[in-house]
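Quick caveat: nothing in here was measured; it's all calculated off a predicted structure. Proteins come first, then strands; the chains are lettered A, B, ... in the order of their sequence lines, and each starts at number 1.
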There are 4 protein chains.
Amino acid sequence: MARTADPHRRQSILDAAHSVFARKGYAATGIADVAGELGIGHGTVYRYFQNKRDVAAAVLDRALERIAAVVTAEDATATRSLAEYRAQVERIGHRLYELFAADRALGRLVFHDLGAVDDDLRERLHAAHETFAEYTAAYLRNGVAKGFLRADLDVDTTARVVNGMIFEGAAQVTRTDDPRPLRDRWIRAVVALMFDGIAQHGELGRSEHGPG
Amino acid sequence: MARTADPHRRQSILDAAHSVFARKGYAATGIADVAGELGIGHGTVYRYFQNKRDVAAAVLDRALERIAAVVTAEDATATRSLAEYRAQVERIGHRLYELFAADRALGRLVFHDLGAVDDDLRERLHAAHETFAEYTAAYLRNGVAKGFLRADLDVDTTARVVNGMIFEGAAQVTRTDDPRPLRDRWIRAVVALMFDGIAQHGELGRSEHGPG
Amino acid sequence: MARTADPHRRQSILDAAHSVFARKGYAATGIADVAGELGIGHGTVYRYFQNKRDVAAAVLDRALERIAAVVTAEDATATRSLAEYRAQVERIGHRLYELFAADRALGRLVFHDLGAVDDDLRERLHAAHETFAEYTAAYLRNGVAKGFLRADLDVDTTARVVNGMIFEGAAQVTRTDDPRPLRDRWIRAVVALMFDGIAQHGELGRSEHGPG
Amino acid sequence: MARTADPHRRQSILDAAHSVFARKGYAATGIADVAGELGIGHGTVYRYFQNKRDVAAAVLDRALERIAAVVTAEDATATRSLAEYRAQVERIGHRLYELFAADRALGRLVFHDLGAVDDDLRERLHAAHETFAEYTAAYLRNGVAKGFLRADLDVDTTARVVNGMIFEGAAQVTRTDDPRPLRDRWIRAVVALMFDGIAQHGELGRSEHGPG
DNA sequence: AATGAATGAGCATTCATTCAT
DNA sequence: TATGAATGAATGCTCATTCAT
């Protein structure tokens with residue numbers, strides 16, 4: 001019954017839902033609000049989606065796909081030196097923050113609302129995190145293989161740590177009114193942390209509990 | 001009316017709400033569920049809280065206070081060397097992950113559910129992030145002042161970046177069935193990233209776009 | 001608009017509705033179900049019928065006509081003896097049960113679903129009962145006139161009583177998986193009751209409250 | 001959650017539903033109509049019943065119990081002669097028609113509306129028919145055993161035939177404005193048919209297809 | 001203070017019906 | 001003539017909140 005015809009109509013409903021969910025929150029949004037945003041009858045929404053949750057799921061999937069498109073745009077095996085990887089990280093960071101800066105709703109949906117809808121959507125969000133972690137791990141693994149990253153790097157964990165920095169930045173951008181300046185500072189800070197470290201030159205930070 | 005007497009009863013309601021909200025999600029939880037968990041009449045909840053949202057707010061505040069207690073347990077100005085700071089970061093990390101590992105509900109509430117309740121709670125969550133960022137910034141500022149951290153460190157931004165790594169770790173711990181092994185790897189990865197860098201020794205990662 | 005052309009199409013819609021109404025019940029059946037059964041667009045139904053209720057009315061009318069065809073097939077004035085009337089009752093019973101056995105839907109529609117649709121359809125059903133009662137009364141009246149039925153017979157009431165036996169049998173047949181054996185036993189029981197009585201020969205059953 | 005406290009309230013809801021269902025039909029009746037009849041909030045209905053269908057089921061059960069109370073009031077083994085049985089049939093008939101005459105809704109619910117709600121309720125109605133048939137069969141079996149009813153009586157089938165006459169009468173009473181006169185004529189006709197037969201004395205009705 | 005029966009606002013969802021194509 | 005996309009009235013049901021006991 002659903003999954004009908006006109007894909008343009010379906011997309012426009014997702015656009016409206018994306019926007020209204022982000023503005024009012026999933027729970028506080030009625031299907032009538034979404035339909036009203038488009039000036040269509042609310043029954044029409046049910047020609048394209050099973051129910052309200054189904055709309056949320058589709059909104060989330062589309063949002064995650066957009067993020068994934070940025071993350072997967074680069075070739076993980078292409079970099080041959082630390083400098084190239086550094087530049088790559090900067091490019092990805094720029095694109096990602098550009099995405100979140102251009103669509104403030106995106107961050108609210110992905111970082112807050114849609115993960116709270118139900119267990120299934122939370123699980124999809126988690127799965128997306130895993131996928132993103134695997135991508136970052138591929139970059140790191142390439143660097144280790146090529147010899148420009150530490151041989152003893154815990155690649156899988158570090159990948160998640162790096163993603164944590166990135167996504168916290170995206171969350172910040174989402175919350176900020178004028179996100180551009182923050183974006184640049186954030187990328188610079190992340191890149192500096194990753195590639196230059198925080199330590200003053202000549203200082204020795206290795207603790208007795210550090211990586212053996 | 002309300003805002004009454006027995007603080008022990010109030011705490012037990014918060015305990016129950018903490019647990020049920022995390023288990024079923026805020027939206028899917030009824031006040032009757034919370035009261036049922038305690039075996040009390042659901043009208044009683046309204047003697048201690050204005051409404052359901054008020055319960056959620058108190059649950060969130062208490063959760064954030066517990067996290068803050070860990071973050072603020074250390075003295076930001078006490079460290080005098082990179083090694084001491086490194087050890088301090090490890091200590092804080094351990095305590096934080098211990099907290100999230102001991103109470104899986106905590107992470108679900110803070111990272112997912114309660115931020116989606118309404119704008120006010122989202123704002124409180126954001127404010128807590130800010131507070132935590134200021135704490136971390138104080139550590140970093142101390143390090144710069146003492147000379148064991150880079151003088152050109154973007155302290156405020158880096159503080160948020162560091163917190164991003166930490167909290168992503170806490171989120172992971174929340175999602176994992178046996179969180180202990182993950183916790184140790186995570187802290188090691190974060191500390192290594194911060195203090196040892198990811199670069200192989202001798203490699204040069206400074207790109208042309210990097211911090212001048 | 002409507003009340004149009006192709007009578008074959010109209011009949012096929014009634015066939016489908018007859019079947020689906022009986023299978024799912026009137027309330028649970030959508031016009032789309034009826035149209036789906038035929039593989040036609042559901043808008044098409046509205047070219048042949050005013051609305052859903054109109055379809056039900058037509059289905060009911062057709063069902064009642066089919067029953068009436070059996071009831072009216074015999075000539076009420078043709079019988080000249082008790083034996084002939086007895087044989088006639090058996091013939092009508094056989095044909096009626098054959099009809100309900102051949103189309104299980106018929107009974108469900110007439111005895112259950114369509115009478116509950118609205119007051120008008122209930123009224124039509126009632127009117128049909130009246131008509132059938134008048135037919136049976138005609139048979140009885142003929143018997144009284146010819147002298148082979150009791151002169152003091154309450155013809156109108158007895159006609160309804162007889163029809164009650166008959167239609168309860170049809171209802172039973174409708175509910176039974178293998179209706180043939182039931183049919184024969186039923187007709188035999190009805191005929192025996194009418195013509196032989198239930199009393200043991202020689203017994204006296206006339207009570208003091210009986211028909212004076 | 002339902003099945004709570006105050007049984008008086010529960011009964012009053014059933015009374016209201018009984019009345020409104022009969023007046024407007026099950027499908028056309030909203031829970032709000034039932035609640036409105038009582039001047040209570042419609043949410044209250046849901047404290048006593050799971051859902052609308054559950055109300056209908058309880059209404060039906062109560063209606064059937066009331067009918068059963070009449071049917072089972074007599075002792076099937078008490079009668080020792082045809083005259084006693086005849087008197088007994090008259091008594092049961094009177095009480096039954098009294099019941100349906102006193103509460104016109106009863107007939108509409110049992111003979112029309114509630115059987116069309118869903119398969120389960122139809123099944124309950126059918127089961128009640130079976131139960132009633134077994135009672136009537138017990139009366140007949142007693143008569144055969146005592147020797148005042150024909151030894152070759154098909155007891156089970158005849159029981160259903162007899163019930164068919166009775167219930168068709170109840171249905172008629174339900175439809176009639178002034179049911180008393182009809183009631184008496186009906187009982188007289190049924191009793192005469194059962195005990196006196198329709199045949200004129202001296203006539204011979206045994207057909208060639210009749211019971212051997 | 002504690003309770004839980006009662007309430008009704010609020011919303012998701014269905015589906016008969018219309019009408020542009 | 002046939003279609004099915006679009007519509008929105010209608011309603012079942014939930015549950016936060018109140019308040020009499």
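- Of all nucleotides listed (E/dA6, F/dT7, F/dT17), F/dT7 comes nearest to the side chain of A/Thr44.
- Distance, D/Arg10 CZ to E/dA5 P: 14 Å, rounded to whole Å.
- Under 4.0 Å is where a charged nitrogen must lie from a carboxylate oxygen, and between C/Arg62 and C/Asp15 at least one such pair does.
- By the 4.0 Å N-to-carboxylate-O rule, B/Lys24 lies too far from B/Asp113 to be salt-bridged with it.
- Counting to the nearest Å, the P atom of F/dT14 and the CG atom of D/Asn51 are 8 Å from each other.
- Remark: P of F/dT3 and CG of C/Leu38 are 10 Å apart, rounded to the nearest angstrom.
- B/Arg47 contributes no side-chain N or O that forms a donor-acceptor pair with the base of E/dA1 under 3.5 Å.
- Of the side-chain N and O atoms in B/Tyr48, one or more sit less than 4.0 angstrom from OP1 or OP2 of E/dA2.
- Using a 4.0 Å heavy-atom distance criterion, D/Arg53 is classed as making no nucleic acid contact.
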- Task: Please report the C-alpha distance between C/Asp119 and D/Arg108 in whole Å, then the side-chain angles of each, then the deciding distance to 0.1 Å, and finally whether the salt bridge (Lys or Arg N to Asp or Glu O under 4.0 Å) criterion is met.
- Result: CA-CA 11 Å; C/Asp119 285 337; D/Arg108 264 206 59 173; 3.5 Å; yes
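- Atom pair A/Phe49:CZ and E/dA12:P shows a separation of 15 Å (rounding to whole Å applied).
- By the ring-ring contact (aromatic ring centres under 6.0 Å, His included) test, A/His42 pairs with no residue at all, sequence neighbours left out.
- Separation of the D/Phe111 and C/Phe111 ring centroids does not fall under the 6.0 Å cut-off.
- With hydrogens and angles disregarded, no donor-acceptor distance shorter than 3.5 Å links the side chain of C/Asp103 to the backbone of C/Phe100.
- Atom OH of D/Tyr46 and atom C1' of F/dG12 are 4 Å apart (whole Å).
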- Could you please spell out the steps behind the side chain to side chain contact (heavy atoms under 4.5 Å, CB included) verdict for B/Val20 and B/Arg23? CA-CA 5 Å; B/Val20 186; B/Arg23 188 163 57 247; 3.8 Å; yes
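- The nearest pair of heavy atoms linking B/Leu60 to B/Arg124 is CD2-CB, 4.3 Å.
- DNA chain E is contacted by both D/Val45 and C/Lys52; D/Val45 maps to the nucleotide lying nearer its 5′ end (nearest heavy atom per residue).
- In this structure a side-chain-to-backbone donor-acceptor pair under 3.5 Å is missing from A/Thr44 to A/Ile40.
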- Item | Secondary-structure notation, DNA chain F, from Watson-Crick and G-U pairs under 3.5 angstrom (| other strand) | .||||||||||||||||||||
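- Put simply, CG on D/Asp6 is 15 Å from C1' on F/dA20, counting in whole angstrom units.
- With E/dA5, F/dT14, E/dA12 as the choices, the nucleotide that has an atom nearest any side-chain atom of B/His42 turns out to be E/dA5.
- Contacts between residues 26-37 of chain B and DNA chain E, defined by a heavy-atom separation under 4.0 Å, are absent.
- At E/dA6, one or more side-chain N or O atoms of D/Arg9 fall inside 4.0 Å of OP1 or OP2 (strictly under the cut-off).
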